[in-house]
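What you are looking at is a predicted structure, and each value in this text was computed from that prediction instead of being measured. Order of listing sets the numbers, starting from 1, for every ligand and every atom in it.
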Amino acid sequence: MPVKPLFDAPLAIVDVETTGAHPAWDRITEIAVVEVQDGEVVSEWSTLVNPGTSIPPAIQALTGITNDMVADAPAFEDLAQDIFERLEGRVFVAHNARFDYGFLRHEFERVGLRFQARTLCTVKLSRRLYPDHARHNLDSLIDRHNLQCSARHRALGDAQAVWQFLRVAAEERGADVLQDTVRKLSQLPALPVHIDRTVVDAIPESPGVYLFYGENETPLYVGKSVTLRSRVLQHFSDDVRSSREAQIAREIRRIEWRRTGGELGALLLEARLVKELLPVFNRQLRRASDLCGFLFASEKLNLVQKEQIHSETLPFLCGVFRSKRSAMDALRGLADEHHLCLRTLGFEKSGKGACFRHQIRRCAGVCAGQESVHAHHARVAAALTSLKTAAWPWRGPIGIVEEDSEREAADIHVVNNWCLLGSARSEAEVAELLESTARPFFDLDHYKILARHLSKGRPKVVELGAALH
Ligand SMILES: [Zn+2]
């Protein structure tokens with residue numbers, strides 16, 4: 001008897017076997033998808049997956065899936081597209097859905113796919129429909145409802161058992177009750193009380209930056225995504241909610257968003273807004289105020305501060321660091337490796353005779369007259385080159401073009417010597433940025449974002465040097 005109508009959307013009943021319990025570092029070894037349409041199974045599919053790692057013996061014993069069995073199986077990345085299509089547009093049904101959903105999301109993420117679906121957990125469903133029973137694991141359900149399971153702890157066997165449970169539940173509790181319960185359990189994540197759904201619905205599913213504000217317009221969080229609306233909703237979903245997410249959901253009063261042409265623009269804007277607004281819940285990008293670096297000038301090594309780091313000094317700078325402490329750690333590392341004298345360089349108190357580091361053989365002894373200052377400084381300069389920021393490979397400023405196909409427009413990020421002058425939408429705006437006399441400051445986060453972007457794939461770059469003169 002077909003179960004009808006279980007849900008207005010088709011179902012994908014999923015089960016995965018894995019190398020362990022942690023989606024972040026364990027991998028899938030087998031997956032099964034049973035597709036259900038209008039209350040009937042339209043496809044049953046399963047495959048072993050080569051996890052690219054060894055399966056622990058205890059898990060081999062539990063599932064019967066051995067290293068030998070998966071050795072010739074396809075890797076997840078070879079199956080990803082196919083699996084994605086099987087699941088797309090369906091309600092993701094699994095016993096303890098959080099586990100299977102979490103594993104699949106991680107596997108998809110590793111191959112660059114963003115997976116999101118409504119989920120229905122049959123453990124929760126069983127608890128709602130059969131509240132008198134204490135145990136709701138799959139073995140208990142199989143016993144209680146006389147479900148047939150051809151192969152327990154194998155993906156397809158378990159997925160088939162879950163499907164039988166849905167059928168039995170429909171028979172015993174009635175289709176209406178089942179449908180009603182399913183609807184309640186698989187609802188879209190509830191929004192925080194102060195956020196209206198129309199506000200969220202108006203957010204485009206495009207690249208950009210979103211801003212969460214709390215009471216009194218306090219900036220709570222700034223984030224970026226290439227799919228803005230999904231990312232915002234993710235913050236409020238039960239599946240990923242950490243204590244930090246829960247706190248954001250409690251405190252949020254208003255959402256703002258800014259569209260960008262692509263991911264680069266979103267990354268750059270996010271980095272800038274985080275520094276400008278210092279949102280309560282952004283930790284990573286916040287600390288940059290102690291930026292410093294080494295500058296070798298008139299035979300002395302100077303630790304220069306943020307104000308002196310800009311497009312003109314950058315080519316001569318040895319290393320850029322987030323704090324004085326990390327700069328000194330790097331210098332000490334180099335000094336140990338190359339037996340340099342920190343006292344001669346001016347980073348240790350001056351004194352008479354050989355420095356302490358020479359006594360413990362970490363300094364070659366320029367301080368004890370065993371090496372000339374010139375020879376020592378030449379070695380310092382050579383050692384410091386390993387800390388240099390990547391040389392600017394263009395003759396002058398460039399524009400990195402990011403096409404926004406949806407709006408038939410482009411963002412032009414104007415950059416010189418790794419410093420971002422700004423992002424423009426037109427030639428006039430580009431000219432304005434180039435003509436500005438304000439000297440752009442160096443931003444370590446921007447540098448990393450730009451260096452990564454320019455080194456991968458084929459970024460579209462136009463040289464703007466000619467426009468200057
Ligand atoms: Zn010394």
Looking only at heavy atoms, which two atoms of Ile248 and Phe281 are closest? And how far apart?
CG1-CD1, 3.6 Å
Okay, side chain of Arg90, backbone of Ile13: is any donor-acceptor separation there less than 3.5 Å?
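Not a single qualifying donor-acceptor pair exists.
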Everything protein-side that's N, O or S and under 2.8 Å from the Zn ion (ligand 1): list it, residue and atom.
Cys341 SG, Cys355 SG, Cys363 SG, Cys367 SG
Decide salt bridge (Lys or Arg N to Asp or Glu O under 4.0 Å) for Arg110 and Glu77; before the verdict, give the C-alpha distance in whole Å, the side-chain angles of both, and the deciding distance to 0.1 Å.
CA-CA 8 Å; Arg110 286 186 191 104; Glu77 62 171 319; over 6 Å; no
Lys/Arg-Asp/Glu bridge criterion (N-O < 4.0 Å) met for Glu270, Arg272
no
For the residue pair His235 and Tyr221, confirm or rule out a side-chain donor-acceptor distance under 3.5 Å.
no
Tell me whether the NZ or CZ atom of Arg253 lies within the 45° cone about the ring axis of Tyr213 and under 6.0 Å from its centre.
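Not flagged: Arg253 not positioned over aromatic ring of Tyr213.
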